Amino acid sequence: MGTLKVMISRDELKAKTKELAARISEDYSGMELLLVGVLKGGFMFLADLARELTIDVNLDFISCSSYGNATVSSGVVRILKDIDYDITGKHVLLVEDLVDTGLTLNYLKELFGAKGCASVKVCTILDKPSRRKVVMMPDYEGIVIPDAFVVGYGLDYAEKYRNLPDVCIVCDD
Ligand code: 5GP
């Protein structure tokens, strides 16, 4: 691993999170909202987003991994930890760290839709639209980044760097 350089600072992340939280609070005003954090990467953004919301929400988590290796993604996702709630009739907002190929969220949206929730939408703090393999437009899109491998703010490299407060890029030196 080379040197880490900040790509998106904690201040930029905070400002964008506030902006997204304001929109979500307005859009879901008077509704019952269940935030579902996608583990592990989504934990930090979910914690920050939840604290900026001005509406009452329920919280849950789901953990999943793709089958096969990253370069030949099948789009089939394995659920490692399912949600605890009965989501029938609930408004669900999936909270992600980063949308890349879109395969994970595409699968999760279909899965939640089939479970009979009232609505299922997606909020992500980072987005790499240039890498999409399926049509996946986050309903609440944070910061668009170029096609580079990033770590920090929940994102790991071999389970390291998730706790960095900024989103960093790894530079060879
Ligand atoms: P996809 O949209 O391809 O199904 O999967 C997105 C997930 O892949 C993200 O939640 C994240 O866990 C992982 N991922 C995609 N790009 C990166 C990256 O640049 N760095 C890290 N650490 N994880 C990534």
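Bear in mind the structure is a predicted one, so any value in this text is a computation, not a measurement. One is the number of the first residue; the rest follow in order along the sequence. When a ligand or atom number is given, it counts from 1 through the structure's own listing order.
- Considering only non-hydrogen atoms, atom 23 (N) of ligand 1 lies nearest to Leu155 out of Ile169, Thr104, Leu105, Leu155.
- Considering both main-chain and side-chain atoms, Tyr157 never comes within under 3.5 Å of ligand 1 through any nitrogen or oxygen pair.
- Within ligand 1, the atoms closer than 4.0 Å to a non-hydrogen atom of Asp156 are 21 (C), 22 (N), numbered from 1 in the order shown.
- More than 12 heavy atoms of other residues, nucleotides or ligands shown are found within 6.0 angstrom of NZ on Lys81.
- The N/O atoms of Val151, backbone and side chain alike, include none that comes under 3.5 Å of an N/O atom in ligand 1.
- Distances from ligand 1 to the non-hydrogen atoms of Lys128 include at least one value under 4.0 Å.
- Note that the NE2 atom of His91 and the CG atom of Asp27 stand 11.5 Å from one another [nearest 0.5 Å].
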Atom pairs and distances, side-chain donor-acceptor, residues 34-49, under 3.5 Å, sequence neighbours left out:
{"residue": "Lys40", "atom": "NZ", "partner": "Glu159", "partner atom": "OE1", "Å": "3.1"}
{"residue": "Asp48", "atom": "OD1", "partner": "Arg51", "partner atom": "NH2", "Å": "2.9"}
{"residue": "Asp48", "atom": "OD2", "partner": "Tyr153", "partner atom": "OH", "Å": "2.6"}

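- Rounding to the nearest 0.5 angstrom, the gap separating the CG atom in Leu33 from the OH atom in Tyr28 is 6.0 Å.
- In the vicinity of Gly102, heavy-atom distances shorter than 4.0 Å reach the ligand 1 atoms 1 (P), 2 (O), 3 (O).
- Residue Gly41 places no heavy atom under 4.0 Å from ligand 1.
- Close contacts of ligand 1 with Glu96, meaning ligand atoms under 4.0 Å from a residue heavy atom, involve 10 (O).
- Taking CG of Asp60 as the reference point, atom OH of Tyr85 lies at 6.5 Å (rounded to 0.5 Å).
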Exercise for review: Please lay out, stage by stage, how Asp97 and Arg162 fare under the test salt bridge (charged side-chain N to carboxylate O under 4.0 Å, His left out).
Suggested key: CA-CA 11 Å; Asp97 49 357; Arg162 288 193 195 277; 5.6 Å; no

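- Close approach to Ala148 involves these atoms of ligand 1, each under 4.0 Å from a residue heavy atom: 19 (O).
- Side chains of Arg132 and Asp100 form no contact here, defined as non-hydrogen atoms less than 4.5 Å apart.
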